[in-house]
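The next block holds one structure in the form of structure tokens; read it before the comments.
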Amino acid sequence: MGKTRIIAETGAGQHGVASATVAARFGLPCVVYMGATDVERQAPNVFRMKLLGAEVKPVTAGSGTLKDAMNEALRDWVTNVDDTYYLIGTAAGPHPYPEMVHDFQSVIGIEAKQQMLEAEGRLPDLVIAAVGGGSNAIGIFHPFLDDGSVKIVGVEAGGKGLEGDEHCASITAGSPGVLHGNRTYLLQDSDGQIKEGHSISAGLDYPGIGPEHSWLADIGRVDYVPIMDHEALEAFQVLTRLEGIIPALEPSHAIAEVIKRAPKMGKDEIILMNLSGRGDKDIFTVGKLLGMGL
Amino acid sequence: MTARMDKRFADLAAEGRPALVTYFMGGDPDFDTSLAIMKALPSAGSDIIELGMPFPIRWPTVRPFSLPASALKGGQTLAKTLEIARRFREGDQDTPIVMMGYYNPIYIYGVERFLDDALACGIDGLIVVDLPPEMDDELCIPALKKDINFIRLATPTTDDKRLPKVLENTSGFVYYVSMNGITGSALPDPTVVGGAVQRIKGHTKTSGLRRLRRQDG
């Protein structure tokens with residue numbers, strides 16, 4: 001493609017770290033746009049990106065979250081399109097990005113399916129993942145979409161509750177609109193202006209969702225449900241205590257949904273959940289919320 | 001109304017001068033001030049007015065969209081932006097008005113309802129920056145059928161292969177984004193822009209509107 005510079009947007013910093021890593025591997029300069037709010041609450045990932053040689057540009061516009069980072073990255077791209085490749089991390093955005101992200105992220109689903117068949121000799125009964133823009137979810141869902149016996153659930157950020165504006169449940173509580181070059185469910189007011197939204201987790205804090213998720217919701221293949229901030233926070237602690245694994249706040253939403261559903265399922269039924277990120281990056285945020293200074 | 005813009009360009013051609021097209025954001029900093037700004041534009045030399053519809057998104061290329069916050073804070077809505085045009089039109093029947101912005105507020109308002117209200121308010125054209133030609137059935141074709149120009153952006157990266165597609169259903173004029181990046185952030189090289197304009201002119205022999213009328217007739 002002849003491009004000599006990479007830019008990316010990131011919310012939780014996972015995609016920023018991945019982009020910085022690949023840029024370091026190939027010796028390309030890398031600029032990561034990240035909302036100023038997220039830079040603060042995801043400091044460990046910011047440090048990782050910097051260690052890898054990337055430049056992290058905090059975006060103060062709007063609420064300083066993923067939407068604003070995406071706006072700035074798109075502005076950079078249209079200015080420097082001659083030498084720059086925009087490596088979009090989320091499953092939203094203009095065509096063909098959602099399709100590309102779904103293809104690349106599907107590696108996790110393909111491997112999970114293969115390993116499940118090797119380990120258990122059959123498909124899981126339930127596949128579950130957290131959904132912000134929806135990249136990790138589309139990756140694990142995709143190889144199972146045609147397996148009718150597999151129930152699939154996407155977990156949206158319910159924030160502080162769906163009644164007010166402080167959530168990011170685009171499908172559960174939003175309506176169709178056009179943003180960032182795709183038609184999808186959005187958080188918007190009656191005049192078509194985009195709301196800011198809120199989530200405890202930076203990676204789910206986006207007022208839209210990848211268009212393929214909207215389609216999967218409309219055709220009834222995937223159920224989308226909200227999990228509140230406090231439920232995710234509880235699940236974060238439960239997994240840490242029971243399994244010794246500190247999960248990121250994003251998949252903590254999926255864990256909370258698993259905790260709700262598992263008691264109602266048979267002992268032999270299998271749940272496959274995408275633990276899409278580790279929680280080291282979130283310990284400062286969680287520590288503050290639990291009243292433990294770090 | 002396409003006739004008003006056709007007449008304006010014909011008059012300018014007769015005078016032998018180019019059009020000065022000016023942009024301002026509807027509702028910034030408030031309704032009354034922006035209406036006063038709009039009313040003052042023709043006597044200040046504006047031949048065609050672009051009326052911005054605020055939307056808090058900053059892509060792709062248009063710098064004035066970085067300033068919608070104050071308009072939205074003032075309670076500006078699409079209905080109020082149309083009202084600015086209607087009030088302006090009461091005192092000026094000659095200056096073409098082009099509404100410029102993003103699609104979502106129009107989509108939520110309802111395309112048919114929006115086009116009817118826009119016509120009633122004296123709107124002559126639309127620039128909706130996030131509707132590429134692949135989406136012409138959404139707004140472009142319905143607008144042309146109601147006699148409202150649909151003006152599209154071409155950029156330095158719109159090559160000769162893409163240009164015919166971009167221009168296919170446009171009318172009124174072509175908005176050439178004369179540099180990569182945000183408009184106004186740096187000055188483009190006039191020589192380069194001149195060459196680009198000649199290149200685009202090679203593709204603009206038949207406007208989409210004329211083609212549409214031909215098909216209908």
Side-chain angles (χ1 to χ4, degrees), chain A residues 1 3 5 7 9 33 35 59-84 86 88 92-97 170 174-197 206-208 211, chain B residues 26-27 53-63 65-69 71-82 101-111 113-114 128-132 134-135 137-139 153 155-159 177-186 188:
Chain A
M1 294 174 83
K3 303 293 174 83
R5 175 175 175 265
I7 60 168
E9 91 292 348
Y33 289 91
V59 179
T60 51
S63 52
T65 57
L66 183 57
K67 161 175 76 74
D68 313 296
M70 198 160 186
N71 288 340
E72 284 306 309
L74 283 160
R75 293 180 91 189
D76 180 314
W77 195 32
V78 298
T79 307
N80 301 302
V81 65
D82 288 332
D83 69 351
T84 297
Y86 181 14
I88 291 189
H95 173 77
Y97 275 110
S170 310
S175 58
V178 177
L179 175 69
H180 287 149
N182 62 120
R183 176 161 24 213
T184 189
Y185 283 91
L186 299 175
L187 304 180
Q188 57 185 334
D189 65 17
S190 57
D191 201 44
Q193 300 294 343
I194 308 304
K195 294 181 182 175
E196 297 290 358
Y206 181 69
Chain B
M53 302 177 270
F55 191 58
I57 294 299
R58 299 214 247 175
W59 79 289
T61 56
V62 188
R63 192 172 194 80
F65 287 97
S66 61
L67 305 170
L72 292 172
K73 208 178 284 174
Q76 189 69 9
T77 62
L78 185 50
K80 284 188 184 173
T81 307
L82 284 165
Y102 289 79
Y103 183 44
N104 197 53
I106 296 173
Y107 177 65
I108 298 305
Y109 194 91
V111 167
R113 179 181 158 226
F114 170 75
V128 181
V129 296
D130 57 347
L131 281 179
E134 286 74 12
M135 296 288 124
D137 289 340
E138 289 280 329
L139 180 65
L153 275 61
T155 74
T157 57
T158 313
D159 58 20
V177 182
S178 52
M179 49 178 287
N180 287 335
I182 315 300
T183 51
S185 57

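Convention: sequence-line order gives letters A, B, ...; per-chain numbering from 1.
Scanning all heavy atoms of the two residues, the minimum distance from B/Ile108 to A/Asp191 falls at CG2-C, 4.4 Å.
For a residue to count as touching a neighbouring chain, one of its non-hydrogen atoms must lie under 4.5 Å from one of that chain's; by this rule B/Thr77 touches chain A with backbone and side chain alike. Only the backbone of A/Ser190 comes within contact range of chain B, with heavy atoms under 4.5 Å apart.
Side chain of B/Asn104 to backbone of A/Val178: a donor-acceptor contact under 3.5 angstrom is found.
In this structure, CE in B/Met135 is found 9.0 Å from NE2 in A/His95, a value given to the nearest 0.5 Å. In this structure, CG in B/Leu78 is found 9.0 Å from CD in A/Gln193, a value given to the nearest 0.5 Å.
Remark: B/Tyr107 pairs with B/Tyr103 by the ring-ring contact (aromatic ring centres under 6.0 Å, His included) rule, at least two apart or across chains.
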